[in-house]
Amino acid sequence: MAKAISQYFKRVFDDYQVLVKVNPTDFTGIELIVHPDGKIEKTSIEADEDIFEDLEADEFLPCSPLEFQLLLAKGQD
C-alpha cells in the first residue's frame with residue numbers, strides 16, 4: 001500500500017501564524033503555531049473527515065510542505 005501524501009495549510013493572523021499538516025488517510029496531523037517572538041508550539045491533532053472543509057471555512061490556504069518542515073525543524077531546536 002502506498003503511503004499517503006500529507007496536505008499542508010496555513011493561515012496568517014495579525015501577530016501569529018498557524019500551519020497544519022494533515023494525513024488524508026487517517027486525518028491525523030500536526031499543528032504549528034508561530035508566535036511573533038519566534039516561539040513555535042507543536043500540537044498533534046486527530047480530526048475527522050470534515051477537516052478539509054473546516055480548514056477552508058476557517059480561511060486556511062494551502063501552503064508549502066517545505067515551509068512547514070523548516071518551521072517544524074526550527075521548533076525542535
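Residues take their numbers from the sequence shown, with the count starting at 1. Since this is a predicted model, take the numbers as computed values, not measurements.
- The shortest distance between side-chain heavy atoms of Thr28 and Ser44 does not fall below 4.5 Å.
- Phe9 and Leu61 fall into different hydrophobic clusters, defined by Ile, Leu, Val, Met, Phe, Trp and Tyr side-chain heavy atoms under 4.5 Å apart, directly or through other members.
- Grouping the Ile, Leu, Val, Met, Phe, Trp and Tyr side chains by contacts below 4.5 angstrom, directly or via other members, places Leu72 with Ile40.
- Linking ILVMFWY residues whenever their side-chain heavy atoms come closer than 4.5 Å, directly or via other members, leaves Val18 and Leu32 in distinct clusters.
- Remark: Tyr8 pairs with Phe68 by the ring-ring contact (aromatic ring centres under 6.0 Å, His included) rule, at least two apart or across chains.
- Atom CD of Gln17 is separated from atom SG of Cys63 by 9.0 Å, given to the nearest 0.5 angstrom.
- Taken together through direct or relayed side-chain contacts under 4.5 Å among Ile, Leu, Val, Met, Phe, Trp and Tyr, Val12 and Ile33 form parts of separate hydrophobic clusters.
- No side-chain heavy atom of Ile30 sits under 4.5 Å from any side-chain heavy atom of Val20.
- Pairs passing the salt bridge (charged side-chain N to carboxylate O under 4.0 Å, His left out) check and including a residue from residues 40-68, sequence neighbours excluded, read Lys10-Glu67, Arg11-Glu59.
- By the 4.5 Å heavy-atom criterion applied to side chains, Phe60 and Leu19 are not counted as neighbours.
- Taking the ring-ring contact (aromatic ring centres under 6.0 Å, His included) definition, one finds that Tyr16 meets it with Phe13, sequence neighbours left out.
- Between Lys21 and Ser6, the closest heavy-atom pair is CE-OG, 3.4 Å.
- Residues in residues 24-36 take part in no salt bridge (charged side-chain N to carboxylate O under 4.0 Å, His left out) pair, two or more places apart or across chains.
- Residue Ile5 shares its hydrophobic cluster (ILVMFWY side chains chained together at separations under 4.5 Å) with no other residue.
- Residues Val34 and Leu71 meet the side-chain proximity criterion, which asks for heavy atoms closer than 4.5 Å.
- Other members of the cluster containing Leu70 are Leu66, with ILVMFWY side chains joined at under 4.5 Å, either directly or via other members.
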